[in-house]
Amino acid sequence: MAHADAIRLFGEASRLPVSNSYRKELLLRRLEILPPGNDVLERSFTRAYLWMWVPSVYASWGSLSLSLSARAEELAAAGDREGFQSLAEAWEIFARRSIEGGDMRPTPFGPVPAFARAAQALGLEPQAARYSRLESAVEKRKQEKVAHPPVVERSDIMPGVMATRAAWQRVASAGAGVVILAAFLLAASGRWMRGLQARRLSASLVQVLGSSDYRRIIIGGVVIPFLAHSLAEWLIPTASLPDTTDPGLVAALRFGALAAAILTLPALLAFRQLGLHLERLSWSKTSVAAVAASATMTAFAAASGYTLSMPAWVIGWAFVIVLSGVVFINLLFGVLVTPRRDALQFLTWTRSLLPAYATGLLLLAILVPFHHARDKHWTKLNVLTKIEAGVPAMNRYEYQVENQLRNELLELLDAKP
């Protein structure tokens, strides 16, 4: 019963003088209330809203195609040429209106294979040949949506690529800052976990470090890694960066390497400087080899974020996790389970770390608004995917593609037997 009703209503609809889904008008109304998006995140929210499904008169093409195909086979089995001709004419009208109205998802060519078989069975050779050509053209179109897409130059794509990378750099900067903040809080909280005597003695012992010692710790452990990271991000051409479907992964690796360097190198350098001054108190000092090894591992991890090598990424992430993990484990164990006899050394060491970690945290905090400004700059230049109130599509490029697709589908319909 539902099948018969669908065919009857389909025929009645095809005899109406006009048919309008109001898709374009509805989309333009939605675009009027949407901001264009000043950065990548805002544009993603706008796109998500536009992707929300809007009901239309042509939304049931999939089920309707099945009914039309079944009806064509029924008419062919009954030898009803006239009925098939009426059905085919109604389909032509409805398909044209669907394409002209911009509703091309799913394609209105679903019943074409059944129409080709029915026309062949009814002896309508010209129509059968036409439907066969339509079927072949539609199958080919599944491989490429548009036969002749609008030309896109590299200069059209690069603003979007740069904006996306700046957005991920902003997120990665914030993530690295959170890691350093956690280490800073752990180092600062250690002094409150021990007795008053250990706290006062550590405050006295840490004064053996002069301004030159802190300069060595901060410059060697924070400033140099930060400058090396910033220069690499700025100077390495965009074309040489990994062409990955997940730009956040490589950004996280590069900033993770920076965070690992800021965690590890000041910790080693501070312990070394304390050992140099407190050697008479049997204070051990970190070897130059240990500092060099840590610096090499963080440098390798950072460099792997600029390569296309998956093994290098794996090794880079291993270095980042191991180095950062060692620092955090030392801080956690020091805060929670360090024996009282070792508390003095631990508290003196953590006090010496605070200036370096505070400097690293400040530099990473500066990077967040800096990369946000770059994100906004490149997003403003990204006209290819800009959402515009007067363009009834996700963006101007998609609007051009839809117009081209509409013209090509109409050409398929207009092709003579």
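- Side-chain polar atoms of R374 and H377 form no donor-acceptor pair below 3.5 angstrom.
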Report the C-alpha separation of I219 and I224 in whole Å, then their side-chain angles, then the decisive distance to 0.1 Å, and conclude whether the side chain to side chain contact (heavy atoms under 4.5 Å, CB included) test is met.
CA-CA 6 Å; I219 292 175; I224 291 178; 4.0 Å; yes
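- Residues S352 and L274 are in side-chain contact: their nearest non-hydrogen atoms beyond the backbone lie under 4.5 Å apart.
- Taking all atoms of both residues into account, the shortest heavy-atom contact from D375 to A163 is OD1-O, 3.7 Å.
- Here the side chains of L354 and F184 are in contact, with some heavy-atom distance below 4.5 Å.
- Proximity of H229 to F255: side-chain heavy atoms (C-beta onward) are separated by under 4.5 Å at one or more points.
- A salt bridge does not link R96 with E89: every distance from a Lys NZ or Arg NE/NH1/NH2 to an Asp or Glu carboxylate oxygen is 4.0 Å or more.
- A donor-acceptor pair is defined here as one N or O able to donate and one able to accept, closer than 3.5 Å; such a pair exists between the side chain of W313 and the backbone of S304.
- Of the inter-residue distances, the one linking L268 atom CG with S294 atom OG reads 4.5 Å to the nearest 0.5 angstrom.
- When the shell of 6.0 Å around CZ of F45 is examined, it contains 12 or fewer heavy atoms from other residues, nucleotides or ligands.
- Across every non-hydrogen atom of A72 and F84, the tightest pair is CB-CE1, 4.1 Å.
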Checking side chain to side chain contact (heavy atoms under 4.5 Å, CB included) for the pair V223/L227: CA distance, chi angles, key distance, verdict?
CA-CA 6 Å; V223 176; L227 289 178; 3.8 Å; yes
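- Side-chain contact check for S212 versus R215: some heavy-atom pair is nearer than 4.5 Å.
- Considering every non-hydrogen atom in both L331 and A183, the closest pair reads CD1-O, 3.8 Å.
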Side chain to side chain contact (heavy atoms under 4.5 Å, CB included) between L249 and L253, intermediate numbers included
CA-CA 6 Å; L249 181 64; L253 176 54; over 6 Å; no
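- The shortest distance between side-chain heavy atoms of W378 and V161 does not fall below 4.5 Å.
- Judged by distance alone, the side chain of R254 and the main-chain N or O of A302 form no donor-acceptor pair under 3.5 Å.
- I315 CD1 to M310 CE: the interatomic distance, rounded to the nearest 0.5 Å, is 12.0 Å.
- Here CG of L186 is found 10.0 Å from CG of L181. Values are rounded to the nearest 0.5 Å.
- Closest approach of H372 to D39, counting heavy atoms only: NE2-OD2, 2.9 Å.
- Between G256 and V320, the shortest heavy-atom contact is O-CG1, 3.6 Å.
- Tested against S173 for a side chain to side chain contact (heavy atoms under 4.5 Å, CB included), the candidates L258, L363, L367 yield a single pass: L367.
- At a threshold of 4.5 Å between non-hydrogen side-chain atoms, the residues Y357 and V222 do not count as touching.
- Side-chain contact check for L269 versus V291: some heavy-atom pair is nearer than 4.5 Å.
- Nearest heavy atom pair, residue I218 against residue A356, reads CG1-CA, 3.9 Å.
- N382 contributes atom CG, which lies 12.0 Å from atom CE of M162 (distance to the nearest 0.5 angstrom).
- Here the OG1 atom belonging to T348 is positioned 11.0 Å from the CG atom belonging to L353, to the nearest 0.5 angstrom.
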Is there a side chain to side chain contact (heavy atoms under 4.5 Å, CB included) between L134 and F115? Walk through the geometry before answering.
CA-CA 10 Å; L134 279 174; F115 278 24; over 6 Å; no
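- If you check the side chains of Q85 and Q127, you find a donor sitting under 3.5 Å from an acceptor.
- For the pair F226 and T359, the minimum side-chain heavy-atom distance is 4.5 Å or more.
- The CG atom of L209 lies 10.5 Å from the CZ atom of R216; values are rounded to the nearest 0.5 Å.
- A donor-acceptor pair under 3.5 Å is absent between the side-chain atoms of T264 and the main chain of A261, judged by distance alone.
- Using modelled atom types, no side-chain atom of S324 and backbone atom of I321 make a donor-acceptor pair closer than 3.5 Å.
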Please walk me through it: do K380 and E42 pass salt bridge (Lys or Arg N to Asp or Glu O under 4.0 Å)?
CA-CA 12 Å; K380 185 178 180 180; E42 288 183 7; over 6 Å; no
